[in-house]
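Reminder, nothing fancy here: chain letters follow the sequence lines and each chain counts from 1. When reading the values below, keep in mind they use all heavy atoms of this one structure, side chains included, and skip hydrogens, waters and symmetry mates.
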2 protein chains.
Amino acid sequence: MGIADDAVEVRAQGWRTLAALHGLIEAALERALSAEAKLSVVEYTVLDALSRQDGWHMRMQQLARATALSPSATTRLVNRLEDRGLLTRILCADDRRGIYTELTAQGRGLYEKVRPVHDAALRAVLAEAEEQPELAPVVAALGAGARTTAG
Amino acid sequence: MGIADDAVEVRAQGWRTLAALHGLIEAALERALSAEAKLSVVEYTVLDALSRQDGWHMRMQQLARATALSPSATTRLVNRLEDRGLLTRILCADDRRGIYTELTAQGRGLYEKVRPVHDAALRAVLAEAEEQPELAPVVAALGAGARTTAG
DNA sequence: AGTAGATAGTTGCACATGCAAATACAAAGC
DNA sequence: GCTTTGTATTTGCATGTGCAACTATCTACT
């Protein structure tokens, strides 16, 4: 087996590792959020993204990018959250095709309540992942990435 | 904002980065595999896992772990591939609850045909990801992890 | 031997997702 | 002004997924 073949295998192994870590974290968050507030991970992602806009709106398309979802899935995701009274659609005046979404007071309240649970679960699952030799370097790189970005 | 809050935010940002990278890679592989052989990423994962056993069997449960799927989803995934003639179920003699799966000649052939396409797509998307400053350190860590594992 | 409890896999059902088509609106060209 | 082209969002439809319940088999205990 040559050097080129090695590189291919390294990439494949790296991708499997990434997928495993992603699945581990997502499953842990899913459990925590579902138990605490019947929220899925994407639903929490929406609340999180909207709350980070702090009083500002987000278009459906931005939401689709933030959640890595298709437009149709985004529509239905927003429908679900709107039906639960967690956010509202706001028609945009200057581009009447566009639709903004904004957290309601209830949505913000639920987010504030769930966030510590989410953060604790994330902390726990990352600690767990760091104990697995295969996953540890990737976990470490997540922090390094943030430092790079912030620094 | 205190040090603890910073750590929380670093972890959250790291998780978003990981999810973004995962989504990027999965979408790229999905496109490549679907175009080449109407295979989804999980379906390819099954062929890959089975081929790496090289002539040996895999239980449903092992397959479920390899694909990070539920038992029921694994059943239907195997059904799909069996219907396409890519693998066969083999009843296990010593534990008649257990079911082994094995690639057919056709399945192995398809895998051999698709693998280079998969590898090329993975190589390309990783190169693309490495150009994004936020993703680059994580991509680098994937290789580092493999190096660590391989010793 | 016989029963109780655990384990492997499958099925019914509800639901979230993506793709393609439809609708509504905006922007550009003539 | 009108048409053509492009963009934002929504809906119809098919499909993949998880959970819970079910069947079949194994294991342990008596």
Side-chain angles (χ1 to χ4, degrees), chain A residues 19 22-24 26-35 38-47 50 57-84 86-102, chain B residues 19 22-24 26-35 38-47 50 57-84 86-102:
Chain A
H22 180 270
L24 185 68
E26 186 159 62
L29 295 181
E30 195 81 46
R31 275 192 301 272
L33 293 172
S34 175
K38 301 279 182 240
L39 280 175
S40 71
V41 172
V42 267
E43 286 165 352
Y44 179 84
T45 301
V46 170
L47 300 188
L50 286 177
H57 320 295
M58 249 181 125
R59 291 181 88 106
M60 298 294 288
Q61 226 174 2
Q62 299 176 268
L63 230 42
R65 270 203 323 133
T67 57
L69 242 46
S70 69
S72 62
T74 306
T75 290
R76 283 154 182 148
L77 174 53
V78 168
N79 283 348
R80 290 199 298 275
L81 296 174
E82 193 178 27
D83 289 347
R84 287 175 65 175
L86 302 177
L87 56 78
T88 49
R89 281 179 163 89
I90 299 178
L91 299 174
C92 180
D94 47 305
D95 182 349
R96 292 194 307 202
R97 294 170 302 181
I99 292 182
Y100 290 126
T101 53
E102 204 182 64
Chain B
H22 180 270
L24 185 68
E26 186 158 62
L29 295 181
E30 195 80 46
R31 275 191 302 272
L33 293 172
S34 175
K38 301 277 183 240
L39 279 176
S40 71
V41 173
V42 267
E43 286 166 353
Y44 178 84
T45 301
V46 170
L47 300 188
L50 286 178
H57 321 293
M58 247 180 127
R59 291 182 88 104
M60 298 294 287
Q61 225 173 2
Q62 298 177 268
L63 230 42
R65 270 204 321 132
T67 56
L69 242 46
S70 69
S72 61
T74 307
T75 291
R76 294 189 251 251
L77 173 54
V78 167
N79 284 347
R80 290 199 299 275
L81 296 174
E82 193 178 26
D83 288 347
R84 287 175 64 175
L86 302 177
L87 56 78
T88 49
R89 281 181 164 87
I90 299 177
L91 299 173
C92 178
D94 47 307
D95 182 350
R96 292 192 308 202
R97 295 169 304 180
I99 292 182
Y100 290 125
T101 52
E102 204 181 65

Contact residues, residues 70-81 of chain B to DNA chain D [heavy atom, < 4.0 Å]: S70(B), S72(B), A73(B), R76(B), R80(B)

Integer-rounded Å distance: dA8(C) P and Y100(B) OH: 11 Å

Set of salt bridge (Lys or Arg N to Asp or Glu O under 4.0 Å) partners for E26(A), sequence neighbours left out: none

Counterpart residues, side chain to side chain contact (heavy atoms under 4.5 Å, CB included), relative to A64(B) (two or more places apart): T74(B)

Contacts of type salt bridge (Lys or Arg N to Asp or Glu O under 4.0 Å), residue R65(B), not counting sequence neighbours: none

Partners passing salt bridge (Lys or Arg N to Asp or Glu O under 4.0 Å) against R80(B) (at least two apart in sequence or in another chain): E43(B)

Value in whole Å for how far the P atom of dC15(C) lies from CZ of R84(A): 13 Å

Nucleotide dT17(C), atom C1' - distance to CD of E30(B) in whole Å: 12 Å

Atom pair CG/OG1 of L29(B) and T45(B) - distance to nearest 0.5 Å: 8.5 Å

Contacts of type salt bridge (Lys or Arg N to Asp or Glu O under 4.0 Å), residue E30(A), not counting sequence neighbours: none

Whole angstrom value for the distance that separates P of dT17(C) from CG of L69(B): 16 Å

Nearest-nucleotide comparison on DNA chain C, the residue closer to the 5′ end among V42(A) and G98(B): G98(B)

Between C1' of dA24(C) and CZ of R89(A), the distance in whole Å: 15 Å

Gap between atom CG of L50(A) and atom CD of Q62(A) - 0.5 Å precision: 9.5 Å

Start and end of the DNA chain D segment that chain A contacts, any atom under 4.0 Å from a heavy atom: dG6(D) to dC13(D)

Counterpart residues, side chain to side chain contact (heavy atoms under 4.5 Å, CB included), relative to D95(A) (two or more places apart): R59(A), R97(A)

Value in whole Å for how far the P atom of dG18(C) lies from CD of E26(B): 10 Å

With R31(B) via side chain to side chain contact (heavy atoms under 4.5 Å, CB included) - residues at least two apart: A27(B), A28(B)

Non-neighbouring partners of S72(A) that pass side chain to side chain donor-acceptor pair (under 3.5 Å), sequence neighbours left out: S70(A)

Short N/O separations, protein against nucleotides 26-29 of chain C, under 3.5 angstrom:
residue : atom : partner : partner atom : Å
dA26(C) : OP1  : R96(A)  : N            : 3.4

Partner set under side chain to side chain contact (heavy atoms under 4.5 Å, CB included) for I99(A), not counting sequence neighbours: M60(A), R89(A), L91(A)

